[in-house]
S.K.: 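Starting off with a structure, shown below.
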Amino acid sequence: MTVLHKPLAPDATIGILGGGQLGRMLALAAHELGFRVHIYSDKKDSCAFDVVRNSTCAPFDNWARLADFLNTVDAVTYEFENIPAETAAFVAARKPLFPSADVLATTQDRVAEKKFVNSLKIATAPYAPVNTSTELSAAFAKIGMPAILKTARMGYDGKGQVKLDKGDDLGSAWRSIGEKPAVLEGFVKFEREISVVIARGADGKTIAFDPVENVHRDHILHTSTVPAKITPALAKEAVNIATKIAKALNYVGVLAVEMFVAKKGAKRELLVNEIAPRVHNSGHWTIDGATASQFEQHIRAVAGWPLNAAKRIGKSVAMTNLIGDEVLGWEKLAKEPGASVHLYGKGTAKAGRKMGHVTRVKI
Ligand code: AMP
């Protein structure tokens, strides 16, 4: 059942768990709607701290600090999906938490997530759960080569993943991912990767942005372009998949569904790779390229407000991440007419770190 809650009035405080760039951009959107924001993060150098008046820096299992934080907020959301289950339960017992703790339980575990997706009759890459090195050999016999071994939990940006081809040593692959519960996935020879960023309000209404085409470099998102180069029928199917998932999760907030577009004979099929229960990097283009951003939509949903109409502005929009040293090119980007530069204030540019992004809207 959808939990309907009384819309929060401006000046109410929204608590955000996590203090990275997603928390920062959520906080900025919340402020535009007149809300106050309290960021709770376990990292001292959280870039979201810089844009809010209220912040707490403490571990996610410091119950006293969490209780103090919860005393100051009216509703809580999060910017990353690896919130410990005990923390989510502690929060949900005291304040409205959107998306719910159940959503986290499903999406934190790749095996649970794939089972859930398949239960909706939505396709994924073939997979087999792997809990021991013996199970890994059995999984290979079932899935075949090439394949990707991924830790079931806590993986992101290609971390905790290893690609395996014929002749590769299974034992060393198993050790390389830390001998943790995992999933073996068949390697998809995809034509392209797309994602659908969709918002679902507390009233159950869904509004999806156009499917986005994503290009990864070294496992990290490099560019997102809308519209994706797919047929209108496939775009509709992608949105239908995301809508079905959001409804089945009884979701409140913004959700991203990453999919592979693969050839199936003369046709194309969509395989769900991953669900991100939060605002997503492939939705950053909406700040400059849509009538309402993914961040505004998320805050509206969490606050119990109706969603805004959210349409793409212009013929196409391209978002490029600034990873590591790429941020050093900010002066050139600042001079480029029409380039919307977003820098996250993260200080030193470390390799592989998302430092900012730039969006170009083609009218
Ligand atoms: P993930 O952490 O699951 O989002 O994977 C990161 C990236 O690795 C994806 O965006 C793909 O580019 C690639 N990848 C992941 N799983 C597969 C797969 N089963 N087949 C082919 N490429 C994959």
S.K.: Using only atom types and a distance under 3.5 Å, with no angle test, would you say the side chain of T151 pairs donor to acceptor with the backbone of A182?
M.R.: no
S.K.: Measure from the side-chain N and O atoms of Q297 to the backbone N and O of N308, and report whether any donor-acceptor pair falls under 3.5 Å.
M.R.: yes
S.K.: To the nearest 0.5 Å, what is the distance between CG on D74 and CG on L8?
M.R.: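 Going from the CG atom of D74 to the CG atom of L8 covers 5.5 Å.
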S.K.: Between the side chain of S293 and the main-chain N/O of E296, is any donor-acceptor distance below 3.5 Å?
M.R.: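 Here the side-chain-to-backbone pair exists.
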S.K.: Any sub-3.5 Å donor-acceptor pair from H298's side-chain atoms to Q294's backbone N or O?
M.R.: no
S.K.: Out of the candidates L234, V261, V212, V257, only one should pair with I194 under the side chain to side chain contact (heavy atoms under 4.5 Å, CB included) rule; please name it.
M.R.: V261
S.K.: Got a sec, which residues hit side chain to side chain donor-acceptor pair (under 3.5 Å) with N71, two or more places apart in sequence or on another chain?
M.R.: none
S.K.: Hey, could you give me the CD/CG distance between E185 and L149, rounded to the nearest 0.5 Å?
M.R.: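 These two atoms lie 9.5 Å from each other.
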S.K.: Only pairs at least two apart or in different chains count here, so list each ring-ring contact (aromatic ring centres under 6.0 Å, His included) that has a residue in residues 340-363.
M.R.: H284-H357, H342-H357, Y344-H357
S.K.: Hey, what do you get for CD1 (I323) to CZ (R217), rounding to the nearest 0.5 Å?
M.R.: 7.5 Å
S.K.: When you measure from the side chain of Y78 to the backbone of E81, do you find a donor-acceptor pair of N or O atoms at a distance under 3.5 Å?
M.R.: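 Between the backbone of E81 and the side chain of Y78 there is no qualifying donor-acceptor contact (under 3.5 Å).
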S.K.: How would you list, by chain and number, every residue that makes a ring-ring contact (aromatic ring centres under 6.0 Å, His included) with F90, sequence neighbours excluded?
M.R.: W63
S.K.: Please give me the minimum heavy-atom distance between V76 and V302, naming the atom from each residue.
M.R.: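 Closest approach of V76 to V302, heavy atoms only: O-CG1, 4.5 Å.
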S.K.: I'd like to know if E79 pairs up with R278 as an ion pair, taking the criterion as any Lys NZ or Arg NE/NH1/NH2 lying under 4.0 Å from an Asp or Glu carboxylate oxygen.
M.R.: no
S.K.: Does E191 reach the main-chain N or O of K263 with its side chain, forming a donor-acceptor pair under 3.5 Å?
M.R.: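 Checking the backbone N and O of K263 against the side chain of E191, no donor-acceptor pair under 3.5 Å is found.
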S.K.: With a sphere of 6.0 Å drawn around CE of M145, does it hold more than 12 non-hydrogen atoms of other residues, nucleotides or ligands?
M.R.: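 Yes - once you tally the heavy atoms of other residues, nucleotides and ligands closer than 6.0 Å, there are more than 12.
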S.K.: Could you walk me through whether S55 and H38 satisfy the side chain to side chain donor-acceptor pair (under 3.5 Å) test, starting with their C-alpha distance in whole Å, then the side-chain angles of each, then the deciding distance to 0.1 Å, before giving a yes or no?
M.R.: CA-CA 5 Å; S55 58; H38 189 153; over 6 Å; no
S.K.: May I have all residue pairs that pass salt bridge (charged side-chain N to carboxylate O under 4.0 Å, His left out) and include part of residues 88-109, sequence neighbours excluded?
M.R.: D109-R153
S.K.: Taking side chain to side chain donor-acceptor pair (under 3.5 Å) as the test, write out the residues that go with S282, two or more places apart.
M.R.: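 Once residues adjacent in sequence are excluded, the partners of S282 under the side chain to side chain donor-acceptor pair (under 3.5 Å) criterion are S195, H280.
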S.K.: Quick one: list whatever passes side chain to side chain donor-acceptor pair (under 3.5 Å) with T286, sequence neighbours left out.
M.R.: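 Not a single residue meets the side chain to side chain donor-acceptor pair (under 3.5 Å) criterion with T286.
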S.K.: Could you pull out the closest heavy-atom pair between D169 and L164, with the gap in Å?
M.R.: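 So the two residues come closest at O-CD2, 4.5 Å.
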S.K.: For residues 173-207, which residue pairs qualify under ring-ring contact (aromatic ring centres under 6.0 Å, His included), counting only residues two or more places apart or in two chains?
M.R.: F190-F260
S.K.: Would you say V188 ends up clustered with I143 if hydrophobic residues are merged whenever their side chains have heavy atoms under 4.5 Å apart, either directly or through other cluster members?
M.R.: no
S.K.: With no hydrogens and no angle check, is any side-chain donor or acceptor of R360 less than 3.5 Å from a backbone partner on A318?
M.R.: no
S.K.: List for me each residue that meets salt bridge (charged side-chain N to carboxylate O under 4.0 Å, His left out) alongside E113, sequence neighbours excluded, and say none if there are none.
M.R.: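 Once residues adjacent in sequence are excluded, E113 has no partner under the salt bridge (charged side-chain N to carboxylate O under 4.0 Å, His left out) criterion.
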S.K.: For F49 versus S41, what's the shortest heavy-atom pair and its separation?
M.R.: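 For F49 and S41, the tightest heavy-atom pair comes out as CZ-CB, 3.7 Å.
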S.K.: Run the side chain to side chain contact (heavy atoms under 4.5 Å, CB included) test on I313 and T291 for me, step by step, so that the C-alpha distance in whole Å, both residues' side-chain angles and the decisive distance to 0.1 Å come before the verdict.
M.R.: CA-CA 7 Å; I313 300 166; T291 52; 4.2 Å; yes
S.K.: Does I39 belong to the same Ile/Leu/Val/Met/Phe/Trp/Tyr cluster as V51, with side-chain heavy atoms less than 4.5 Å apart forming each link?
M.R.: yes
S.K.: When clusters are formed by joining ILVMFWY residues with side-chain heavy atoms under 4.5 Å apart, either directly or through shared neighbours, do M154 and I177 land in the same one?
M.R.: no
S.K.: Start with the C-alpha distance between R192 and K229, add both sets of side-chain angles, then the distance that settles side chain to side chain contact (heavy atoms under 4.5 Å, CB included), and finish with yes or no.
M.R.: CA-CA 9 Å; R192 45 178 43 91; K229 281 202 195 84; 3.6 Å; yes
S.K.: Given side chain to side chain contact (heavy atoms under 4.5 Å, CB included), test V73 with I14 step by step and report yes or no.
M.R.: CA-CA 6 Å; V73 303; I14 295 175; over 6 Å; no
S.K.: Clusters formed by hydrophobic residues whose side-chain heavy atoms approach within less than 4.5 Å: which one holds V341, and what are its other members?
M.R.: L322, V327, L328, W330, L333, L343, M355, V358
S.K.: Roughly how far apart are F295 CZ and M25 CE, rounded to 0.5 Å?
M.R.: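 Reported to 0.5 Å precision, the distance equals 4.0 Å.
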S.K.: Can you sort out the partners of F60 under ring-ring contact (aromatic ring centres under 6.0 Å, His included), two or more places apart, ordered by chain and number?
M.R.: Y40, F80
S.K.: Where the side chain of D288 meets the backbone of T359, is there a donor-acceptor pair that is under 3.5 Å apart?
M.R.: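 Between the backbone of T359 and the side chain of D288 there is no qualifying donor-acceptor contact (under 3.5 Å).
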S.K.: I'd like to check the ring-ring contact (aromatic ring centres under 6.0 Å, His included) partners of F35; sequence neighbours left out, ordered by chain and number.
M.R.: W305
S.K.: Do I207 and F209 land in one hydrophobic cluster if side-chain heavy atoms of ILVMFWY residues count as linked below 4.5 Å?
M.R.: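 Different hydrophobic clusters.
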S.K.: Do K142 side-chain atoms and A128 backbone N/O form a donor-acceptor pair below 3.5 Å?
M.R.: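 Flag not set: sc K142 to bb A128 has no pair under 3.5 Å.
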S.K.: With rounding to the nearest 0.5 Å, note down the distance linking CG in N82 to OG1 in T107.
M.R.: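 Reported value, rounded in 0.5 Å steps: 8.5 Å.
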S.K.: Compare every heavy atom of P211 with every heavy atom of A238, then report the nearest pair and how far apart it is.
M.R.: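 That closest heavy-atom pairing would be CB-CG, 4.4 Å.
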S.K.: Does L270 offer a backbone N or O that forms a donor-acceptor pair with the side chain of R268 under 3.5 Å?
M.R.: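 Answer holds: no.
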S.K.: Got more than 12 heavy atoms from elsewhere within 6.0 Å of CD, E32?
M.R.: no
S.K.: For N250 and S100, run side chain to side chain donor-acceptor pair (under 3.5 Å): C-alpha distance rounded to whole Å, both residues' side-chain angles, the deciding distance at 0.1 Å, then the answer.
M.R.: CA-CA 9 Å; N250 201 14; S100 71; over 6 Å; no
S.K.: How is the hydrophobic cluster of V215 composed, in terms of its other members, when Ile, Leu, Val, Met, Phe, Trp and Tyr link through side-chain heavy atoms under 4.5 Å apart, directly or indirectly?
M.R.: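 Answer for V215: none, a lone residue.
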S.K.: Should L104 and L17 be counted in the same cluster of Ile, Leu, Val, Met, Phe, Trp and Tyr side chains packed under 4.5 Å apart?
M.R.: yes
S.K.: Is any side-chain N of the basic residue among R110 and E274 closer than 4.0 Å to the acidic one's carboxylate O?
M.R.: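 Counted as a salt bridge, because a side-chain N and a carboxylate O are separated by less than 4.0 Å.
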S.K.: If every non-hydrogen atom of I299 is compared with every non-hydrogen atom of A29, which pair is closest and at what distance?
M.R.: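 Taking I299 first and A29 second, the nearest heavy atoms are CG1-CB, 4.4 Å.
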S.K.: Would I241 and M259 count as a side chain to side chain contact (heavy atoms under 4.5 Å, CB included) here? Give the steps.
M.R.: CA-CA 10 Å; I241 286 173; M259 306 174 205; 4.0 Å; yes
S.K.: Between K350 and E326, is the salt bridge (charged side-chain N to carboxylate O under 4.0 Å, His left out) condition met? List the steps.
M.R.: CA-CA 10 Å; K350 286 196 201 124; E326 286 166 1; over 6 Å; no
S.K.: Tell me, do L66 and T87 make a side-chain contact under 4.5 Å, heavy atoms counted?
M.R.: yes
S.K.: Please report the shortest heavy-atom distance between A301 and V252, naming the atom on each side.
M.R.: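 Of all heavy-atom pairs spanning A301 and V252, the closest is O-CG1, 3.5 Å.
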S.K.: With a 4.5 Å limit on heavy-atom distance, are the side chains of T223 and N321 in contact?
M.R.: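 No, their side chains stay 4.5 Å or more apart.
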